[in-house]
Amino acid sequence: MNREIAQIFENIADMLQLKGENIHRYLSYRRAAETIRDLPRDLRAISAEGGLTDLPNIGKTLADKINEYIETGKLEFYERLKAEIPESLLDIMRINGVGPKKAKLFWDELGITTVAELQAAAENNQLAGLKGMGSKSQQKILDGIQALSRQTGRTPLGKALPAAQAILDILLAMPQVIKGEIAGSIRRARPTIGDVDILVAVQDMSDSAPIMQTFVSMENVARILGQGETKSSVELVNGLQVDVRVLPLARWGTGLQYFTGSQAHNVKIRQIALNQGYSLNEHVLSPVDSNGDIIPDAPKLTFETEESLYEQLGLSWIPPELREDMGEIEAAQTHSLPHLITLDDIQGDLHMHTTWSDGKLSVREMAEAAYQRGCKYIVITDHSRSLGIANGLSIERLLAQQEEVRRVDAEMNGKIRVFHGTEMDINADGGLDFPDEILEQLDFVIASLHVSLRQDEEQITRRLLNAIQNPHVDLIGHPRAQQIPHREPVKADMDAIFAAAKQHNTALEINANPIRLDLEANYARRAIEMGILLAINTDAHQAEQLDLMHYGIRTARRGWVTPDMVINTWDVARFQAWITDQT
DNA sequence: GCCGTTTTCGGCCCGACTGTTTTCAGTCG
């Protein structure tokens, strides 16, 4: 429901923009769409409580529209717009270099309503003669259409971050580059990334040219989208767009703050600056008069660090993962930001696989690999019997494995503790894959959904509740079973699931594999607000995947998670006491 | 269409880059 309505509002925004409507009117639809997309609760539940207008960016008008859609499954206003403007024009606006004005121009002048028609017109040289168009613009549109067909939407963080880091490393090796950082949504650790923003600092802008030349000449550049002194853009062969910006070190703070975003965060930060008599842009803080106009001769303030910029505005420095205008600015004003979890807080990893099911390493090898990475304790959690595709363990094999785990635990001689658990399937009928008398012999029990993920909300919810309520189940693994970017989360009544997890003291996982990142940050935040415990685990199937923990930490930080709420930040004694207490 | 330390009307960010321009419009982030 939330996604549907968010998409409709997004489309309405595009259509209003195409019609040349007031910018602030269509932006309000877009902002509302973002709010809805990130909600950790179903709009129907919020609507039933009469709480829609309490949501940010939702006023009376949009609340009425949401209710209309919930009740009738349709939105009259949207239907009228669709009758007026072909929906396929929105696809044309998604072509890089084509915005609302161009789309409308092609529609008005040539009757073009689809990407295919636009491509044909460009190939027949019909666009070049239009007002404001030339042969270069026409070619750019053909390139843009090709790029569109290569793109598969947003890029997972797990792909974008390593790619960005590799580029940054090349630039950092240049003598002109004083420092550099990945900004944008990667720095904020969004699970998916639109394009990559990299910032590098130089002493003097005359150093920019060789840096940009190195950047656009990299071997994995498919084409150059733009090359200037302060900004250059390329498309990589894998379709990812990367922007590099060069800025003087003296303005690093404002630049990094600005290009980290989010847009919503920055809008509010700039408003705070204005309230204090300053106009903020990516370069400087400029004194303004009572009309908000920049005072020409007044000295401008520059900032070499983000910390000093936030401090100037009376704010605590805000960790990038929080910068979504979700309350972090208000908390920074009162210096009450949470003490977020860090990678160093993690002491154990409670979810991993071995050769007993679908992992690559033995129990002993996983223990060694985890020990080398500083882990104090791990739990071996192979798949259960019904997951045949992953070589799930029968009861007999599970019990045989326990002997091996106990032996390895003893062999490790206290360097690292090795506990025995399972990642048990929650079967399609809601039953659990092992009986209680087996579960009670295990140190730690994860229950996860792997099959029949397209059941309706009632069935999925019932399966999850059944697992949460079992006294032997300690943790629900990747609770929403999403896979980024291709598999949507299951439909489930998260209100009911959180309430049950709270009641039964069952922890919920943030799965650190960047394909999952599940729970997502907004749900993790809601969970800890309710006092539900979390665990952040790699779900490693081989040694290198133990290094994915940082993705889970970043996700948790986006969810305002503090270390005390995460059971694998506890020392081994406290963890052991907790699992013992859980029966 | 939303919102409120300028509060129920009047704001709501703006600079870089490109291509078409003889001074600017459109797009993007």
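Every chain is numbered from 1 and lettered A, B, ... according to where its sequence line falls, protein lines coming before strand lines.
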ask   = Taking atom types as modelled, is there a side-chain donor on A:W317 or A:E311 under 3.5 Å from an acceptor on the other?
value = no
task = Considering only atom C1', compute the distance from B:dT18 to B:dG11 and round it to an integer number of Å.
result = 31 Å
task = Kindly confirm or rule out a cation-pi arrangement of A:K74 over A:Y69, judged by NZ or CZ under 6.0 Å from the six-membered ring centre and within 45° of its axis?
result = no
remark   = With A:E10 as partner, the option from A:R94, A:R31, A:R30 fulfilling salt bridge (charged side-chain N to carboxylate O under 4.0 Å, His left out) is A:R30
message = Whole angstroms only, please: what is the NZ-P distance between A:K136 and B:dC17?
response = 16 Å
remark   = Of B:dC13, B:dG1, B:dT27, the nucleotide closest to the side chain of A:K101 is B:dT27
message = What's A:I95 touching, base or sugar-phosphate or nothing? Going by heavy atoms closer than 4.0 Å.
response = sugar-phosphate
ask   = Rounding to a whole Å, what distance do you find between A:Q17:CD and B:dG26:C1'?
value = 11 Å
query = Can you tell me how far C1' in B:dA16 sits from the matching atom in B:dG10, rounded to whole Å?
reply = 30 Å
request  = Please tell me which of A:Q263 and A:Q138 maps to the more 5' nucleotide of DNA chain B, matching each residue to the nucleotide holding its nearest heavy atom.
outcome  = A:Q263
task = Let me know the distance between CD of A:E10 and C1' of B:dG1, rounded to the nearest Å.
result = 15 Å
Interatomic distance at P, B:dC14 relative to B:dT22, whole Å = 28 Å
task = Round to the nearest Å and state the distance from A:N96 atom CG to B:dG19 atom C1'.
result = 14 Å
request  = Using a heavy-atom cut-off of under 4.0 Å over every strand shown, decide if A:N57 touches base, sugar-phosphate, or nothing.
outcome  = sugar-phosphate
query = Angle class for the A:F77/A:Y29 ring planes (parallel below 30°, perpendicular above 60°, tilted otherwise)?
reply = parallel
task = Would you tell me if any nitrogen or oxygen in the side chain of A:S28 comes within less than 4.0 Å of OP1 or OP2 on B:dC12?
result = no
query = For A:R154 and A:T192, does a side-chain donor sit closer than 3.5 Å to a side-chain acceptor?
reply = yes
query = Heavy atoms under 4.0 Å, any strand shown: does A:N266 hit a base, just sugar-phosphate, or nothing?
reply = nothing
ask   = With a 4.0 Å cut-off on heavy atoms, is A:I58 in touch with a base, just the backbone sugar-phosphate, or nothing at all?
value = sugar-phosphate
task = Sticking with atom P, work out how far B:dG19 lies from B:dT6, rounded to a whole angstrom.
result = 44 Å
request  = Please report, rounded to the nearest Å, how far the P atom of B:dG29 is from the CG atom of A:D195.
outcome  = 5 Å
ask   = Rounding to the closest angstrom, what is the interatomic distance between B:dC12 and B:dC17 at atom C1'?
value = 25 Å
query = What nucleotide among B:dA16, B:dC28, B:dG1 has an atom nearest to a side-chain atom of A:H24?
reply = B:dG1
message = Distance check, C1' atoms only: B:dC9 and B:dG15, in whole angstrom units.
response = 29 Å
message = Reading DNA chain B from 5' onward, which residue's closest nucleotide shows up sooner: A:L225 or A:K131?
response = A:L225
ask   = Base, sugar-phosphate, or nothing: which does A:S135 touch, judged by heavy atoms less than 4.0 Å apart?
value = sugar-phosphate
C1'-based separation of B:dG29 from B:dT23 [nearest Å] = 25 Å
ask   = Just to confirm, is there a sub-4.0 Å distance from OP1 or OP2 of B:dT20 to any side-chain nitrogen or oxygen of A:S137?
value = yes
query = NA contact type, A:Y258, heavy-atom cut-off 4.0 Å: base, sugar-phosphate, or nothing?
reply = base
task = Under 4.0 Å between any heavy atoms, over every strand shown, what does A:K65 touch: base, sugar-phosphate, or nothing? Just pick one.
result = sugar-phosphate
request  = Could you tell me whether A:Y26 contacts a base, only the sugar-phosphate backbone, or nothing, with contacts defined as non-hydrogen atoms closer than 4.0 Å?
outcome  = nothing
query = For residues A:T305 and A:S308, is any side-chain donor paired with an opposing acceptor at under 3.5 Å?
reply = yes
task = Pick base, sugar-phosphate or nothing for A:Q227, based on heavy-atom distances below 4.0 Å to the nucleic acid.
result = sugar-phosphate
query = Can you check whether A:T230 has a side-chain N or O nearer than 4.0 Å to OP1 or OP2 of B:dC17?
reply = yes
